[in-house]
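Structure first, then comments.
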Amino acid sequence: MSVITVQLGQCGNQIGFEVFDALFRDSHCSQGLCSKRENEAYQASCKERFFSEEENGVPIARAVLVDMEPKVINQTLSKAAQSGQWKYSQHANFCQKQGSGNNWAYGYSVHGPRHKESIMNLIQKEVEKCDSLSGFFIIMSMAGGTGSGLGAFITQNLQDQYSNSLKMNQIIWPYGTGEVIVQNYNSILTLSHLYRSSDALLIHENDALHEICAKLKNIKQISFSDINQVLAHQLGSVFQPTYSVGGSHHYRRNPLGDLMENLVPHPEFKMLSVRSIPHMSENSLAYSTFTWAGLLKRLRQMLISNAKMEEGIDWQIRPPLSGLPPLGKMYVNKELHFNTSIANLVILRGKDVQSADLERFKDPPLYTAWLRPDDAFSAWKTQRTFNKYEKSAALVSNSQFLVKPLDTIVGNAWKMFASKAYIHQYTKFGIEEEDFLDSFTLLEQVVASYCNL
């Protein structure tokens with residue numbers, strides 16, 4: 001089944017390019033551990049998901065590119081074409097001459113309605129090329145104007161027009177130090193609107209990606225391209241093909257459906273995070289060996305202690321002993337360190353994958369009391385390696401990982417709102433104070449629900 005990617009704004013388009021590039025390069029790299037037949041099945045499965053018919057022998061990404069300024073789209077199209085390995089369709093992009101000026105309301109209330117028909121027509125043409133549609137993967141930031149405001153508007157329209165197809169939004173969480181003065185407003189408006197119209201929000205935090213580049217990949221001058229490549233690696237480790245349960249040699253066919261089924265058991269809980277290990281510079285790869293036991297021990301502790309990467313894991317944090325009351329309610333008071341989950345999915349790729357022991361991910365104290373661990377935990381595997389790593393593991397988690405950052409953003413936005421700072425920039429484009437209050441109410445409920453796990 002195919003996934004249509006919608007790349008929105010500067011951030012969404014730059015990330016989208018890195019994601020397609022990572023998927024293509026991985027599926028076409030030579031692979032010693034697998035038979036030729038298995039490699040071909042893997043390539044075919046990846047292509048069905050993310051690439052459509054070939055043009056002059058070059059696969060075309062199943063993507064629609066949208067930005068209100070032409071510069072980034074033109075760069076993205078030419079970068080893909082220059083690779084000579086895959087490209088974007090020349091007819092599946094939409095741009096204008098004027099951006100949104102980091103104003104969510106302008107993206108949502110002006111650009112959205114004005115260009116709705118053109119953008120939705122482009123998406124429909126991509127849908128018509130699919131034999132079978134898994135759903136939409138929408139890549140956007142939440143701090144700026146076009147990606148966030150127009151992204152929320154387009155997601156809402158996808159929900160109206162394709163109510164039976166799944167929608168997963170890949171959202172870039174802004175740096176804590178701040179990129180845009182109104183980023184907290186833009187963020188709460190984006191999240192609250194997506195919570196109503198999207199099936200799952202896959203969150204990546206800029207601060208965490210930056211740290212991986214600095215500490216694990218030893219990059220001295222970190223660019224957005226470096227950060228986007230780490231993100232693309234993590235997404236590829238989730239979305240590339242894996243086997244169905246029971247080890248039958250048929251790759252899973254419905255990437256978004258399988259993820260939702262395993263990770264979003266209740267519509268009130270739809271925020272997902274990704275962690276993957278190992279991460280290292282290519283120079284170090286040749287000198288490194290990993291065992292499944294070592295990788296999984298670190299990945300489990302990253303989950304428990306809510307660590308974003310394997311360096312600096314807090315090994316003191318332990319799950320509560322069975323029989324003790326859960327401490328989730330204290331999270332926002334900064335007393336709780338332990339990260340309680342609703343659902344976790346571990347994806348293993350590489351050598352001797354069948355020997356990996358995942359039993360400790362089923363410990364009952366890791367999960368909320370109203371779900372059995374057997375229902376809350378899933379595992380996917382393939383012995384085909386990913387991105388030159390002999391063994392690699394990814395964890396997609398629906399847990400309390402975002403309670404603190406979300407609580408901080410809501411608190412900061414509320415302080416600005418209480419003093420009426422910058423509100424006029426939104427009301428002049430039709431976003432009323434009532435809309436802000438609705439966003440605060442919804443997100444405070446999300447924080448409370450996750451705290452009560």
Side-chain angles (χ1 to χ4, degrees), residues 1-13 15-17 19-20 49-53 60-70 72-74 76-77 88-100 103-142 144-171 189-202 255-257 429-431:
M1 296 180 83
S2 303
V3 176
I4 291 172
T5 300
V6 183
Q7 304 178 181
L8 284 147
Q10 177 176 342
C11 173
N13 280 293
I15 289 168
F17 166 79
V19 170
F20 279 108
R49 290 174 180 197
F50 295 106
F51 296 91
S52 61
E53 79 284 346
I60 299 169
R62 294 187 190 274
V64 174
L65 289 65
V66 180
D67 198 3
M68 290 302 116
E69 295 171 294
V72 171
I73 285 189
N74 290 337
T76 306
L77 291 174
Y88 289 106
S89 165
Q90 289 297 323
H91 312 294
N93 61 79
F94 180 86
C95 55
Q96 293 291 292
K97 295 284 186 278
Q98 183 194 10
S100 304
N103 187 325
W104 189 93
Y106 198 81
Y108 183 83
S109 303
V110 179
H111 283 318
R114 187 179 289 165
H115 305 302
K116 169 186 165 182
E117 198 176 331
S118 303
I119 295 167
M120 295 308 289
N121 282 344
L122 289 177
I123 291 171
Q124 188 177 335
K125 283 178 185 160
E126 285 304 308
V127 170
E128 287 164 0
K129 291 180 193 170
C130 301
D131 292 334
S132 177
L133 179 65
S134 176
F136 300 94
F137 186 56
I138 302 132
I139 308 178
M140 54 192 275
S141 77
M142 69 178 200
T146 298
S148 60
L150 185 61
F153 181 88
I154 294 298
T155 305
Q156 226 166 284
N157 279 274
L158 288 171
Q159 174 59 11
D160 295 340
Q161 205 164 316
Y162 301 97
S163 53
N164 294 330
S165 296
L166 293 166
K167 285 146 290 286
M168 177 182 273
N169 291 68
Q170 162 63 56
I171 301 174
L189 289 164
T190 303
L191 288 170
S192 60
H193 279 73
L194 291 181
Y195 230 83
R196 297 184 186 102
S197 53
S198 179
D199 296 297
L201 312 182
L202 189 59
L256 293 182
F429 297 118
I431 299 299

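For the pair Ser118 and Asn121, the minimum side-chain heavy-atom distance is 4.5 Å or more. Taking the side chain as every heavy atom from C-beta outward, Phe20 and Gln7 approach each other to under 4.5 Å.
For the pair Asp67 (side chain) and Cys95 (backbone), a donor-acceptor distance under 3.5 Å is absent. Of the possible polar contacts, none joining the Ser134 side chain to the Met1 backbone as a donor-acceptor pair under 3.5 Å is found. No side-chain donor-acceptor contact under 3.5 Å links Lys97 to the backbone of Pro70. Judged by distance alone, with hydrogens and angles left aside, the side-chain atoms of Ser141 form no donor-acceptor pair with the main-chain N or O of Gly147 at under 3.5 Å. With hydrogens and angles disregarded, no donor-acceptor distance shorter than 3.5 Å links the side chain of Asn169 to the backbone of Ile171. Distance alone, capped at 3.5 Å, places no donor-acceptor pair between the Asn157 side chain and the Lys116 backbone. At distances below 3.5 Å, at least one donor-acceptor pair connects side-chain atoms of Thr155 with backbone N or O atoms of Gly151.
The nearest pair of heavy atoms linking Ile431 to Ala105 is CG1-CB, 3.5 Å. Annotation for Thr190 and Trp104: closest pair OG1-NE1, 3.1 Å, computed over non-hydrogen atoms. Shown here for Ile154 and Leu8, the closest heavy-atom pair between the two residues is CG1-CD2, 4.4 Å. Shown here for Asp199 and Ser165, the closest heavy-atom pair between the two residues is OD2-O, 4.0 Å. Counting all heavy atoms, side chain and backbone alike, Tyr162 lies closest to Lys167 at O-NZ, 3.1 Å. Ser89 and Leu77 get closest at one heavy-atom pair: O-CD2, 4.1 Å.
Two rings, from Phe153 and His193, have their centers 6.0 Å or more apart. No close placement of the Tyr88 and Phe17 rings is indicated, their centers lying 6.0 Å or farther apart.
The line from CG of Leu201 to OG of Ser198 is 5.0 Å long, rounded to the nearest 0.5 Å. Within the model, atoms CG of Leu189 and CG of Asn103 stand 9.5 Å from one another, a figure rounded to the nearest 0.5 Å. Here the straight-line distance linking atom CD of Glu69 with atom CG of Asn74 works out to 11.5 Å at 0.5 Å rounding. A distance of 12.0 Å separates CZ in Arg49 from OG1 in Thr5, rounded to the nearest 0.5 Å. With rounding to the nearest 0.5 Å, the separation of CG in Leu150 from NE2 in His111 is 7.5 Å. Expressed to the nearest 0.5 Å, how far CZ of Phe51 lies from OG of Ser2 amounts to 11.5 Å.
In Glu128, the CD atom is crowded: over 12 heavy atoms of neighbouring residues, nucleotides or ligands sit closer than 6.0 Å. More than 12 heavy atoms of other residues, nucleotides or ligands lie within 6.0 Å of CG in Asp160, so this atom counts as buried by the packing criterion.
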Apply side-chain contact (heavy atoms from CB on, under 4.5 Å) to residues Arg62 and Val3 and explain how you reach the verdict.
CA-CA 7 Å; Arg62 294 187 190 274; Val3 176; over 6 Å; no
Test Met168 against Ile138 for side-chain contact (heavy atoms from CB on, under 4.5 Å), laying out the working first.
CA-CA 6 Å; Met168 177 182 273; Ile138 302 132; over 6 Å; no
Does Gln156 form a side chain to side chain donor-acceptor pair (under 3.5 Å) with Tyr108? I'd like the steps, not just the answer.
CA-CA 10 Å; Gln156 226 166 284; Tyr108 183 83; 3.0 Å; yes
Please step through side-chain contact (heavy atoms from CB on, under 4.5 Å) for the pair Phe137 and Ile4, ending with a clear verdict.
CA-CA 6 Å; Phe137 186 56; Ile4 291 172; over 6 Å; no
Just do the side-chain contact (heavy atoms from CB on, under 4.5 Å) check on Met140 and Gln170 with the steps written out, would you?
CA-CA 6 Å; Met140 54 192 275; Gln170 162 63 56; over 6 Å; no
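For the side chain to side chain contact (heavy atoms under 4.5 Å, CB included) test, residues two or more places apart in sequence or in another chain that qualify with Glu53 are Ile60, Lys129. Remark: Ser192 engages Arg196, Ser439, Leu442, Leu443 in a side chain to side chain contact (heavy atoms under 4.5 Å, CB included) (not counting sequence neighbours).
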